[in-house]
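Below you'll find the structure, written out as structure tokens, and then a few comments.
Here the structure is a predicted model, which means the values were calculated and not measured. Every number for a ligand or one of its atoms is a count from 1 in the order of the listing.
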Amino acid sequence: MMKAIDVKILDPRIGSEFPLPAYATPGSAGLDLRACVDGPLVISPGETQLIKTGISIHVADPSLAAVILPRSGLGHKHGIVLGNLVGLIDSDYQGPLMVSCWNRGSTVFTVEPGDRIAQLVFVPVVQAEFNIVDSFEESQRGEGGFGHSGKQ
Ligand SMILES: O=c1ccn([C@H]2C[C@H](O)[C@@H](COP(=O)(O)OP(=O)(O)OP(=O)(O)O)O2)c(=O)[nH]1
């Protein structure tokens with residue numbers, strides 16, 4: 001059973017004019033994040049805008065984090081992806097959730113108040129412990145990487 005995560009509503013339109021964050025279906029991995037803008041926001045081709053979502057979350061549990069991911073339809077059809085490619089929300093972050101929207105397409109895109117602009121997914125986190133060593137225990141791959149095994 002997942003622990004409950006506290007959501008602070010910063011914009012009073014959330015829960016009234018715009019729906020509260022919720023999973024669309026029982027199998028949804030992501031929660032849609034909405035643009036809490038005051039009016040239509042135009043993102044020109046090549047431009048990046050930092051957009052308020054009107055909420056803060058406090059994950060609290062250090063074995064969890066949240067990631068902000070693009071919505072596939074916006075990215076594929078309209079070229080609206082994230083300026084940071086992926087947003088990582090630390091478990092101790094308590095500030096406003098912001099979405100960096102990058103119009104990587106070739107046409108102007110307009111975000112209206114309440115539009116779903118990105119999605120939030122909670123993920124497990126393992127923090128590493130580090131040891132200073134002279135060599136590693138041998139693995140099958142060794143140092144091979146970056147395509148050393150070819151295409152097929
Ligand atoms: O798309 C994002 C990415 C991050 N954050 C918030 C949550 C995160 O915990 C915090 C810091 O993010 P990050 O560590 O990626 O920022 P940074 O550029 O490394 O700066 P700093 O950690 O110094 O604030 O900003 C967002 O609201 N949206």
Side-chain angles (χ1 to χ4, degrees), residues 1-133 136 139 141 143 145-147:
M1 186 64 191
M2 278 280 270
K3 279 209 207 127
I5 289 170
D6 289 334
V7 180
K8 189 154 82 175
I9 306 297
L10 305 174
D11 189 311
R13 290 174 295 180
I14 294 188
S16 56
E17 209 179 313
F18 314 146
L20 284 166
Y23 292 102
T25 65
S28 294
L31 293 167
D32 286 326
L33 295 174
R34 292 176 185 271
C36 279
V37 288
D38 293 330
L41 181 117
V42 171
I43 314 179
S44 303
E47 203 187 355
T48 303
Q49 301 245 9
L50 197 57
I51 302 180
K52 289 182 188 172
T53 63
I55 60 169
S56 288
I57 57 165
H58 184 208
V59 174
D61 180 348
S63 69
L64 295 175
V67 290
I68 299 179
L69 299 173
R71 294 186 62 211
S72 58
L74 283 185
H76 183 70
K77 292 190 200 142
H78 303 285
I80 299 298
V81 293
L82 303 176
N84 46 354
L85 305 187
V86 173
L88 177 61
I89 314 304
D90 299 285
S91 68
D92 53 357
Y93 180 69
Q94 297 182 319
L97 273 192
M98 306 291 289
V99 175
S100 171
C101 274
W102 170 31
N103 183 352
R104 60 156 186 80
S106 51
T107 52
V108 164
F109 188 79
T110 304
V111 175
E112 302 287 347
D115 276 359
R116 296 176 294 147
I117 47 172
Q119 54 186 331
L120 188 73
V121 178
F122 293 95
V123 291
V125 168
V126 177
Q127 283 185 338
E129 283 179 38
F130 293 93
N131 297 312
I132 305 296
V133 296
F136 295 124
S139 72
R141 171 180 288 271
E143 295 188 5
F146 294 92

What does the contact table look like for ligand 1 (nitrogen or oxygen on each side, cut-off under 3.5 Å)?
{"residue": "ligand 1", "atom": "1 (O)", "partner": "Asn84", "partner atom": "ND2", "Å": "2.9"}
{"residue": "ligand 1", "atom": "9 (O)", "partner": "Asp90", "partner atom": "N", "Å": "3.0"}
{"residue": "ligand 1", "atom": "9 (O)", "partner": "Asp90", "partner atom": "OD2", "Å": "2.6"}
{"residue": "ligand 1", "atom": "27 (O)", "partner": "Met98", "partner atom": "N", "Å": "3.1"}
{"residue": "ligand 1", "atom": "28 (N)", "partner": "Met98", "partner atom": "O", "Å": "2.8"}

Determine whether a donor-acceptor pair (N or O, by modelled atom type, separation under 3.5 Å) exists between the side chain of Asp90 and the backbone of Asp92. no

Of the non-hydrogen atoms in [X] and [Y], which two are nearest, and what is the gap between them?
| X | Y | result |
| --- | --- | --- |
| Val7 | Pro21 | CG1-CG, 4.4 Å |
| Pro40 | Glu112 | CG-OE1, 3.5 Å |
| Leu20 | Gly15 | CG-CA, 3.8 Å |
| Val86 | Leu82 | CA-CD1, 4.2 Å |

Exercise. Any ion pair linking Asp115 and Arg71 (charged N to carboxylate O, less than 4.0 Å)?
Worked result: no

